[in-house]
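Here the structure is a predicted model, which means the values were calculated and not measured. No hydrogens, no waters, no symmetry mates; every other heavy atom, side chains included, goes into these values.
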Amino acid sequence: MTFTLATWNINSVRLREALVCRLMTEEAPDVLCLQECKSPVEKIPFAAFEALGYRYMVARGQKGYNGVAILSKLPMEEAAAEDYANLGHARHIAGQLENGVTIHNFYVPAGGDVPDREQNVKFGQKLDFLTHMRDDFMAAKPQKSILVGDLNIAPREDDVWNHKALLKIVSHTPIEVEHLAQVQAAGDWVDVTRKDIPEGRLYSWWSYRSPDWDGADKGRRLDHLWATPDIASAAHSSRILRAVRGWEQPSDHAPVFATFDL
């Protein structure tokens with residue numbers, strides 16, 4: 001069985017329904033994981049997606065912020081939905097395909113602007129969320145699983161436009177990178193994107209604040225696609241669709257893809 005999976009922070013699934021439909025039509029991933037849906041589940045425009053062949057959905061939603069959804073052409077059942085760090089936020093959903101593969105879709109808190117948990121509650125929440133993820137994966141080692149989402153951390157020096165300039169900027173601080181590394185190690189997760197594209201600068205997010213995001217190219221790789229070792233070798237063809245960031249009224253994130261032969 002071969003299937004292609006994509007992950008995309010959509011920044012409002014209702015506002016950008018047309019963009020989701022365009023991606024489904026032009027790229028046709030078998031499974032599409034969305035973050036920051038900013039919608040109650042019942043108001044996600046599922047009928048439009050179903051008409052394009054995405055007959056299965058598992059989701060958690062909230063009005064106006066957060067929210068995660070997995071849309072699939074392949075039969076899928078809900079496998080889990082955890083409230084990490086007990087925040088009461090819709091930031092995780094998991095679905096299981098008929099071949100036994102479990103897909104975890106995460107939206108890790110952004111963490112605010114100040115990288116100090118004493119001065120910034122949101123930063124502490126982000127670290128606690130990651131610690132909870134780590135502890136879960138240590139307690140029950142995942143198998144035959146894929147983890148995707150906006151993890152809101154660019155871990156490598158070549159995952160940001162300027163490593164030194166961003167060392168004190170939330171999303172690239174050493175403490176965040178270390179917390180993410182602990183999550184990855186706890187589940188023995190393989191960074192599929194970097195397995196396929198091991199060298200060079202690679203971004204999935206460009207700020208709305210830049211009037212010329214493409215020319216300035218001050219990006220960060222905040223969106224990730226991981227797999228457990230038992231299936232990571234079956235993954236290939238990773239890519240980030242940078243051009244999507246230039247669509248009309250876009251999300252500030254671009255979708256990340258990989259294909260699995262399982």
Side-chain angles (χ1 to χ4, degrees), residues 6-12 35-36 65-66 84-85 89 91 106-131 133-134 147-185 189-226 238-247 249-258:
T7 178
W8 190 13
N9 178 317
I10 191 60
N11 191 14
S12 179
Q35 305 87 39
E36 205 172 352
Y65 65 109
N66 301 327
Y84 284 89
H89 295 175
R91 293 184 177 274
F106 280 95
Y107 177 41
V108 172
D113 295 326
V114 180
D116 184 324
R117 68 180 307 145
E118 301 302 322
Q119 300 179 44
N120 174 16
V121 171
K122 291 182 178 180
F123 193 72
Q125 290 176 341
K126 181 176 191 174
L127 299 182
D128 292 345
F129 191 102
L130 293 162
T131 298
M133 288 175 67
R134 179 202 68 189
L147 185 157
V148 306
D150 178 3
L151 305 186
N152 263 312
I153 297 171
R156 294 178 22 159
E157 292 189 17
D158 52 1
D159 287 338
V160 295
W161 67 276
N162 186 321
H163 167 62
K164 289 184 178 179
L166 293 179
L167 278 172
K168 295 183 179 180
I169 302 299
V170 173
S171 77
H172 192 60
T173 65
I175 190 170
E176 291 170 273
V177 171
E178 175 57 27
H179 274 65
L180 188 66
Q182 290 178 12
V183 173
Q184 188 172 357
W189 296 102
V190 176
D191 182 343
V192 169
T193 308
R194 280 303 191 181
K195 175 183 76 69
D196 289 349
I197 312 170
E199 302 297 333
R201 296 191 183 278
L202 199 60
Y203 313 140
S204 65
W205 173 89
W206 295 261
S207 175
Y208 285 133
R209 296 175 183 174
S210 175
D212 181 18
W213 70 272
D214 191 33
D217 203 22
K218 294 183 177 182
R220 307 177 203 175
R221 187 171 71 103
L222 304 180
D223 304 271
H224 299 266
L225 201 160
W226 298 352
S238 292
R239 56 200 174 106
I240 298 177
L241 268 65
R242 178 190 178 105
V244 172
R245 177 61 177 83
W247 288 0
Q249 292 188 316
S251 168
D252 46 359
H253 293 253
V256 180
F257 279 70

(request) Applying salt bridge (Lys or Arg N to Asp or Glu O under 4.0 Å), name anything that partners D223, two or more places apart in sequence or on another chain. (result) none
(request) Only counting residues at least two apart or in another chain, list the ones meeting side chain to side chain contact (heavy atoms under 4.5 Å, CB included) with Q182. (result) R134, E178
(request) Flag the pair L166 / R220 as yes when at least one side-chain heavy-atom distance between them is below 4.5 Å, and no otherwise. (result) yes
(message) According to salt bridge (Lys or Arg N to Asp or Glu O under 4.0 Å), who are the partners of D214, at least two apart in sequence or on a separate chain?
(response) R242
(message) Using side-chain heavy atoms (C-beta onward) and a distance below 4.5 Å, is W205 in contact with D150?
(response) no
(message) Can you list everything that forms a salt bridge (Lys or Arg N to Asp or Glu O under 4.0 Å) with R221? Sequence neighbours excluded, please.
(response) D159, D191
(message) Taking side chain to side chain contact (heavy atoms under 4.5 Å, CB included) as the definition, give me every residue that meets it alongside A254, ordered by chain and number, with sequence neighbours left out.
(response) W206, I240
(request) Tell me, please, which residues at least two apart from A216 pass side chain to side chain contact (heavy atoms under 4.5 Å, CB included). (result) S210, K218
(message) The criterion is ring pair (Phe, Tyr, Trp, His ring centres under 6.0 Å); which residues satisfy it with Y84, sequence neighbours excluded?
(response) H92, F106, F129, H132
(message) According to salt bridge (Lys or Arg N to Asp or Glu O under 4.0 Å), who are the partners of D128, at least two apart in sequence or on a separate chain?
(response) R117
(message) According to side chain to side chain contact (heavy atoms under 4.5 Å, CB included), who are the partners of K168, at least two apart in sequence or on a separate chain?
(response) none
Under 3.5 Å, sequence neighbours excluded: what are the donor-acceptor pairs made by side chains of residues 108-115?
none

(request) Taking side chain to side chain donor-acceptor pair (under 3.5 Å) as the test, write out the residues that go with T173, two or more places apart. (result) E176
(request) Taking the side chain as every heavy atom from C-beta outward, state whether T131 and H179 have any atom pair closer than 4.5 Å. (result) yes
(message) Tell me every residue that passes side chain to side chain donor-acceptor pair (under 3.5 Å) with N66, counting only those two or more places apart in sequence or in another chain.
(response) Q62, R91
